[in-house]
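These values consider heavy atoms only, across backbone and side chains, with no hydrogens, waters or symmetry-generated copies. Computed from a predicted structure; not experimentally measured.
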Amino acid sequence: MADWLLDGTLGLLLLGLAGGALHARQLYAAVLLFIAFGLVLALVWARLGAADLALAEAAIGAGLTGVLLFTALAGQPLEGSEPRLPRRQRLAVAGVLLPLFWLLGDAVAPLADGHSALPVLIAAAVPDSGVSHPVTAVLLNFRAWDTLLELAVLLLALIGARQLGPARLELSRPWPLLQAWGPALAPLLVLAGGYVLWRGAASPGGAFQAGAVLAAGIVLLRLAEALPALGWRHWPLRLAVLGGLLLFVAVAALCAWFGRGWLSYPVGWAKPLILAIEAAATLAIACSLALLVIGDAPEPPR
């Protein structure tokens, strides 16, 4: 009974926060409700046993995305920035979403019986995947192309954001408490990110979660003015951003040349290759998310 009560409360709270974030009249309130929605969604994923998704949602969905939204909100005019959607457009949106929900219901309905052959197949293939955690095995071995494309999407998002202009996080005077604790907390975040990366082979974690934690440390140091503005013109930063995708593609090409096919790891090489890919992807994700949130230093005049 207690579990049903907790799950029901989380479900209702999730729907309420989502509705409030969509229909809030002030953008500031909408952003706050969105961050609260992300935190509750992380709890929901944890209740469902998806610790990987809970970590990613708490770090990226509620944390870094919230800072990014507040940064965008700071550049909006104070008047006339409230979201307004005419009634005709709302009806058009409803007309598009309702058929999508109907199609989604048909796609999800076969899963209601709870019988699927995938868990058995994954459990049988995990010993040969190079890792012992089934989620990491799926993301970096069985469906490695999905993770490769996710890194490509993140890189394209960063490139697209840079094309919009040199908008950067304008810092006011930081809080004394943030200046005092920021440099002390950042090394702990680095250790936590390394631990999450290493434990991803055997338990929930991995590159995306570790990268989000490291990006949070970079943002924290920047807000505390303990870190200078990032400069895209510096080649180490560019190499870190591009390194994850480039190494992933290089491993895929080498597997196709020397192995059984694209991203079909040779026997005995799965674990070191996955570890190398995850380490490079962690740096790429951390630098990309940090650049998306706090921007980079302006180019020097020529």
Once you round to the nearest 0.5 Å, how far does [atom1] of [X] lie from [atom2] of [Y]?
X	Y	atom1	atom2	result
Leu214	Leu283	CG	CG	7.5 Å
Leu10	Arg47	CG	CZ	7.5 Å
Ile159	Leu154	CD1	CG	10.0 Å
Leu242	Trp235	CG	CH2	12.5 Å
Leu158	Leu292	CG	CG	5.0 Å
Leu33	Tyr28	CG	OH	11.0 Å

With a 4.5 Å cut-off on side-chain heavy atoms, are [Y] and [X] touching?
X	Y	result
Leu237	Leu291	yes
Phe208	Thr282	no
Tyr195	Leu191	no
Ile218	Leu189	no
Ile35	Val31	yes
Leu151	Ile285	yes
Leu155	Ser288	no

Start with the C-alpha distance between Lys271 and Tyr265, add both sets of side-chain angles, then the distance that settles side chain to side chain contact (heavy atoms under 4.5 Å, CB included), and finish with yes or no.
CA-CA 9 Å; Lys271 185 172 183 178; Tyr265 306 123; over 6 Å; no
Show, in sequence, the C-alpha distance, side-chain angles and deciding distance for Leu13 and Phe37, and conclude whether the side chain to side chain contact (heavy atoms under 4.5 Å, CB included) test is met.
CA-CA 8 Å; Leu13 187 59; Phe37 170 82; over 6 Å; no
Please answer: with hydrophobic residues joined when any side-chain heavy atoms are less than 4.5 Å apart, are [X] and [Y] in the same cluster?
X	Y	value
Val131	Leu247	yes
Val219	Leu185	yes
Leu149	Ile274	no
Val251	Val241	yes
Val40	Leu15	no

Is there a side chain to side chain contact (heavy atoms under 4.5 Å, CB included) between Val138 and Asp146? Walk through the geometry before answering.
CA-CA 9 Å; Val138 171; Asp146 294 353; over 6 Å; no
For Trp198 and Leu275: C-alpha separation, side-chain torsions, deciding distance, then whether side chain to side chain contact (heavy atoms under 4.5 Å, CB included) applies.
CA-CA 8 Å; Trp198 180 257; Leu275 183 59; 3.8 Å; yes
Tell me the closest heavy-atom pair linking [X] and [Y], and the distance in Å.
X	Y	value
Leu289	Ala212	CD1-CA, 4.1 Å
Ser264	Cys255	O-CB, 3.8 Å
Leu220	Ala186	CD2-N, 4.4 Å
Pro134	Ile122	CB-CG2, 4.0 Å
Gly243	Ala280	O-CB, 4.1 Å
Asn141	Ala270	ND2-CB, 4.4 Å

Are more than 12 heavy atoms from other residues, nucleotides or ligands located less than 6.0 Å from atom CZ of Arg143?
no
With a 3.5 Å distance limit and no angle check, can you tell me whether Glu278 reaches the backbone of Gly206 through a side-chain donor-acceptor pair?
no
